[in-house]
Peer 1: 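The structure under discussion is supplied below as structure tokens; questions concerning it will follow.
Nothing here was measured: the structure is a model prediction, and the numbers come from that model. Atoms considered below: every heavy atom in the structure, side chains included; atoms not considered: hydrogens, waters and symmetry mates.
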Amino acid sequence: MELVLNCPDAAEAVDAAERLVLFADLERGKEALVLVEAAFACGPPADAATLARMWIVEGALLTDAGDPAGGSALYASARRTGPGVWIAAFGPEKQAQYEAAALPRGAGTLTLDGTAGTRGTTWVDGGVVEVPSLISAGAHLVQYGADGHVRFAQVVVVSDAQVLHVLVPPDPHPTPLAPTPVTPEVPLARPPIVLAPPSVPTGTHPYVHLGVGTDLSFGGGLDGPMEFGMNDAGMTVRLPLELGGGAAGRHGWVRAAVSAAPVLSGAATSPFEAGGHLAGGVCVGPVDIGLLGGYSWSEVLTTRVVLGVVLPGAPIELEVRAGLNVGADATLERAASVVIAFPGTRRIQRRHPAVGGPPKIPPVAAQP
């Protein structure tokens, strides 16, 4: 009897979950991890590297969700399953937690219910075992199937000295004792489990802009060499705080904001300056490129070229701006700014459809 199964790719499912957790979309990250477990419920047995990456992604999600102990337990499972496997994008702090994670002591006994009288193979973390089987304490992936094909998977947590019973549902398509003719009018197939690509956002959507940074202007006109030394007597240092809003699509953005900036040092006539700006440009992947024009109530016009880059793992954008200030007496001075902006998770997801949420999925065990 021929079975047809369109099974999700476990490695691709882990990639989707990883991107969601990196961009701090924890709710969709949880849904994506459920899809990973569904991918392990069909197809070939799990390979160690993919399974270790799943534990790492889920450990990072629990850590970011305020459960460092749960995250450490999954990091330990990842080290046991795939020693040396790590996702560098999660950064050195999580890597230190991963390297410090220790497995719980002891072992428990795994047994499967519902498999008596059937022909099948049991895999734990991708390796074949005979049940009942003694396995180490901690999180494990249990799979069951036949002829190298998995039809059931479940993530379990084993405690020391525990006898853990895992119920395997009946196979809706058991192997017949004798060949049975199958006509085209009677299809024997399982419905596909499809790993749908993330939806591509369309249209333009509003967002709130909040930014804080450092603005430097260098007096003395443009005749001298472009030397931006910190000891320049004509340099003015400001700390702007920006609040505004804008609209963004997948390929472009516009923004308007007001700002207030204490003046820390320099030749400014006031210890505090206020102003505003208009900006806009294009989006190239995680990079914003654009132009900014503004006005300060100290009667200074500002022009800037803007380059913004989204920081991995957080809904934060680093903007570098460089250009000129035009004074009330038409004098020009060089200026540069570094601003940390918080455009929000929603905008970042619209600019990066690859981190969109996965579809809802059926229960983990493959359905008839």
Side-chain angles (χ1 to χ4, degrees), residues 1-14 17 31-55 57-58 73-74 77-78 80-82 103 106-178 180 188-195 361-368:
M1 177 175 59
E2 182 180 359
L3 301 180
V4 179
L5 182 63
N6 186 5
C7 185
D9 183 272
E12 292 181 3
V14 172
E31 296 178 3
L33 286 168
V34 175
L35 183 58
V36 176
E37 193 171 341
F40 283 134
C42 55
D47 69 89
T50 301
L51 183 56
R53 289 179 59 234
M54 182 190 78
W55 297 133
V57 171
E58 189 169 1
L74 292 179
S77 295
R80 179 199 61 221
T81 305
L103 284 168
T109 301
L110 170 71
T111 184
L112 299 187
D113 298 334
T115 60
T118 64
R119 179 179 60 87
T121 304
T122 303
W123 295 271
V124 174
D125 298 335
V128 177
V129 300
E130 295 291 335
V131 290
S133 177
L134 189 67
I135 58 177
S136 61
H140 295 272
L141 175 69
V142 177
Q143 295 172 294
Y144 183 81
D147 301 323
H149 295 281
V150 176
R151 70 171 180 88
F152 168 83
Q154 182 174 325
V155 172
V156 300
V157 177
V158 180
S159 302
D160 183 29
Q162 178 187 16
V163 178
L164 180 64
H165 291 262
V166 175
L167 177 62
V168 178
D171 187 352
H173 299 279
T175 303
L177 298 178
T180 303
L188 298 175
R190 297 177 182 175
I193 302 174
V194 180
L195 179 62
I361 61 166
V364 171
Q367 299 296 311

Peer 1: Measure across A78 and A52 and return the closest heavy-atom pair with its distance rounded to 0.1 Å.
Peer 2: CB-O, 3.5 Å
Peer 1: If you define the side chain from C-beta out and look only at heavy atoms, does anything of R151 sit under 4.5 Å from V168?
Peer 2: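 In contact.
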Peer 1: Which heavy atom of A146 sits nearest to which heavy atom of G120, and what is that distance?
Peer 2: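 It is CB-CA, 4.3 Å.
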Peer 1: Can you find a heavy atom in the side chain of V142 that is under 4.5 Å from one in the side chain of L112?
Peer 2: yes
Peer 1: Quick check: closest heavy atoms across D160 and A137, and the distance to 0.1 Å?
Peer 2: N-CB, 4.2 Å
Peer 1: Could you tell me if the side chain of H140 sits less than 4.5 Å from the side chain of L110, heavy atoms only?
Peer 2: no
Peer 1: Tell me whether T118 contacts the main-chain N or O of T115 through its side chain, where contact means a donor paired with an acceptor under 3.5 Å.
Peer 2: yes
Peer 1: Looking at T121, T122, V131, which one forms a side chain to side chain contact (heavy atoms under 4.5 Å, CB included) with Y144?
Peer 2: T122
Peer 1: A17 and L33: which non-hydrogen atoms are nearest, and at how many Å?
Peer 2: CB-CD2, 4.0 Å
Peer 1: Under the side chain to side chain contact (heavy atoms under 4.5 Å, CB included) rule, what do V155 and W55 come out as? Steps first, then yes or no, please.
Peer 2: CA-CA 11 Å; V155 172; W55 297 133; 3.7 Å; yes
Peer 1: Do side-chain atoms of Q143 reach the backbone of A46 as a donor and acceptor pair under 3.5 angstrom?
Peer 2: yes
Peer 1: With a 4.5 Å limit on heavy-atom distance, are the side chains of V166 and F152 in contact?
Peer 2: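 V166 vs F152: side chains touch.
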Peer 1: Please step through side chain to side chain contact (heavy atoms under 4.5 Å, CB included) for the pair R80 and D125, ending with a clear verdict.
Peer 2: CA-CA 10 Å; R80 179 199 61 221; D125 298 335; 3.4 Å; yes
Peer 1: Atom OG1 of T81 and atom CG of L51: how far apart are they, to the nearest 0.5 Å?
Peer 2: 5.0 Å
Peer 1: Please find the pair of heavy atoms, one from A10 and one from F40, that lie closest to each other, and give the distance.
Peer 2: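 In terms of heavy atoms, the two residues are closest at CB-CE2, 3.7 Å.
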Peer 1: What are the two closest non-hydrogen atoms of D9 and E12, and how far apart are they?
Peer 2: OD1-N, 2.9 Å
Peer 1: Between D147 (side chain only) and H149 (backbone N and O only), is there a donor and an acceptor less than 3.5 Å apart?
Peer 2: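 Side chain of D147 to backbone of H149: no pair is present.
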